[in-house]
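Counting convention: from 1, in listed order, for ligands and their atoms alike.
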Amino acid sequence: MCGIIGYAGKKPASPLLLEGLRRLEYRGYDSAGMALEEGDHLSTVKTVGKIAVLADTLGRAPMTGTVGVAHTRWATHGIPSHANAHPHLDSEDVIAVVHNGIIENFISLRKWLEGEGIEFRSESDTEVLAHLIRYFFTTTLEDAVQKALREVEGTYGIAVLSSLDPGKIVGARNGSPLVVGVGRGENFIASDVTALLEHTRQVIYLDDREMVVIDSDHVHITNLENVTIERKPEEVLWDVGDVEKGGYGHYMRKEIAEQPRTIRDAYSGRVVEESGMAHLGGLNIPMETLQDLNRVIITACGTSWHAGLIGEYMIEEFSRLPVEVEYASEFRYRNPVVDHNDLVVVISQSGETADTLAAMREAQRHGARAIGICNVVGSTIAREADGGIYTHAGPEIGVASTKAFTSQVTTLTILSLLLGRLRKLSQREGRRIVHALKRLPAQVQSILDSAEQVEAIAKLYYENNNFLYLGRGYNFPVALEGALKLKEISYIHAEGYPAAEMKHGPIALIDKNMPVVFIALKDSAYGKVIGNIQQVVSRGGRIIALATEGDDVIRKFAEHVIYLPATLEPLTPILSVIPLQLLAYFIAVERGCDVDQPRNLAKSVTVE
Ligand code: G6P
């Protein structure tokens, strides 16, 4: 949802900013731009399209300044165009602003500024910021930014540059992430740490309504009332190698392949096989409170919501606590019934999704304790939650979530185990779960090792325009996730359904042109799923089945069978989702789609 970066140092800023934008490109990629201080003025370049277009333009007309800001956009106000691309400048071209977020009162601010004789050049809400800052500029840039932001309603992560007060960049945040990278003789501001890893691992996370001024040698943080805030840098554990493709054609393919490791990282140090127990240090909730809970509410968006559905099945089975799973966007607006006896579990890879964050705040307002299951350390949800569990999956760059999902499900397994052991699960049952969990990385690897089979299936079906995904029980959410993956990256219409519900509607769609992906593992629903498969076969549907190794019966019905190793039923989603991720990936590649940056999507949705 737009990426911003600012650099103040002694090196040429343009290559550094460009590289930072490439790292942030997953946040938005419809247009890009950069502004640098050059001599006593600001030079700006903007292009429509991906960062590569900006790089090309800069290659032909290099810029030389050592202080600058840059932006990659995911349009909210105004089409992707040269005029609407950031940075936005005031009428005298002395203030340049890059912005991630939405200025909600921009219409009234624009009207007021137009009344003052200011002419606007774009449809973007951000342009009002540039004019406002110029309007209030009397002494320093930070003073003008503070005064301007007092007039603004909405969300922002901004970086501002001015030729009237050179050598520095002012950043501020409210609702959109902003992190300061602290270097030697150079400092940075960026939407997230991935843009900074090549230069520094020392970062300071800003909180809402805080501001930072950086130059090459100083970092000074205040709030919008100009009160100084002392905050020490923290060390980021991610490595620059984590944000490279590592020899794979796409980030998504690399991230799928990383899952044996990321699943292990999600449970390591958190489960003990002998005692069949889980330990989650960051929950910050006394064990007695966990024992006395009335209910668990899980809230999230997208793929994280699918992980939540699997969590619902697990928590209910292991602990007998009632669980509700709700889209964050619905939960936040429906005056939910929630109180201090509820545990609210908020799942978000990025930790920045606007609806999920708002849902968490709403739950906290009602007195509930909220724990965050986040991947990005220091993200807003991770910091505002009462406690949390990091998934430790490393940076996920591909817009379609893969390794974050399996890490979320692994983490939810551990939380379910903990709640279960505190309430009704025996030590023996706990041990079985931990034992099965520890076998997962090798099992996932064995599925990845036969990726060519999935690739061959993709080559047969990539021209189809519709797909149906069916599963039951723990694998119903996996059917949803499989369909979502395909939709996101190949633009094929795909629906996920509980297999038995098929006969209440989707069965009308079945003919020889409708591939149906069945998750038909040897679990408690197996016999029923075989029944559902037969209903499809008898109507001419073509079946791709995921089955448990050793199941020969299924070959009679399915045109293609992808075998998975056996595990405990609650853990099957972590295995069954892998071929579905691969299927979506290979189909998208066959169709020539932009796998890592699918059209219209953004990885981190920080607007409503
Ligand atoms: C976007 C992404 C999805 C992600 C969802 C929730 O839609 O494209 O991949 O599942 O946001 O994101 P979160 O960071 O909160 O898990």
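- Among all non-hydrogen protein atoms, the one lying nearest atom 7 (O) of ligand 1 is Val605 CG2, 4.0 Å.
- Using a 4.5 Å heavy-atom cutoff, the side chains of Tyr327 and Cys301 are not in contact.
- The residue among Ile381, Thr353, Asn375 with a heavy atom at the shortest distance from atom 12 (O) of ligand 1 is Thr353.
- Asp239 and Arg201 are joined by a salt bridge, as a carboxylate oxygen and a charged side-chain nitrogen come within less than 4.0 angstrom of each other.
- For atom 5 (C) of ligand 1, the nearest protein heavy atom (residue, atom name, distance) is Cys301 O, 4.0 Å.
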Could you go through the side chain to side chain donor-acceptor pair (under 3.5 Å) check for Thr572 and Asn475 one step at a time? CA-CA 7 Å; Thr572 53; Asn475 282 294; 3.1 Å; yes
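- Those atoms of ligand 1 with a heavy atom of Thr303 less than 4.0 angstrom away are 10 (O).
- A donor-acceptor contact closer than 3.5 angstrom is absent between the side chains of Gln349 and Ser401.
- Those atoms of ligand 1 with a heavy atom of Ser401 less than 4.0 angstrom away are 9 (O).
- Considering only heavy atoms from C-beta on, Glu481 comes within 4.5 Å of Thr303 through its side chain.
- In terms of N/O distances under 3.5 Å, ligand 1 is approached by Ser348.
- The pair Arg361-Asp208 meets the salt-bridge criterion, with a side-chain N (NZ, NE, NH1 or NH2) lying under 4.0 Å from an Asp/Glu carboxylate O.
- Given atom 8 (O) of ligand 1, the protein heavy atom at minimum distance is Ala602 O, 3.1 Å.
- For Arg73 and Tyr29, the positive end is not near the middle of the six-membered ring at less than 6.0 Å and at most 45° from its axis.
- Residue-to-ligand polar distances place Ser350 within reach of ligand 1: an N/O pair is separated by less than 3.5 Å.
- Remark: minimum distance from atom 11 (O) of ligand 1 to any protein heavy atom is reached at Lys603 O, 3.8 Å.
- Each of the atoms 10 (O), 13 (P), 16 (O) of ligand 1 lies under 4.0 Å from some heavy atom of Ser304.
- Residue contacts with ligand 1 include Val399, since one of its heavy atoms falls under 4.0 Å from the ligand.
- Panel note: side chain Thr391, backbone Cys374; a donor-acceptor pair is recorded below 3.5 Å.
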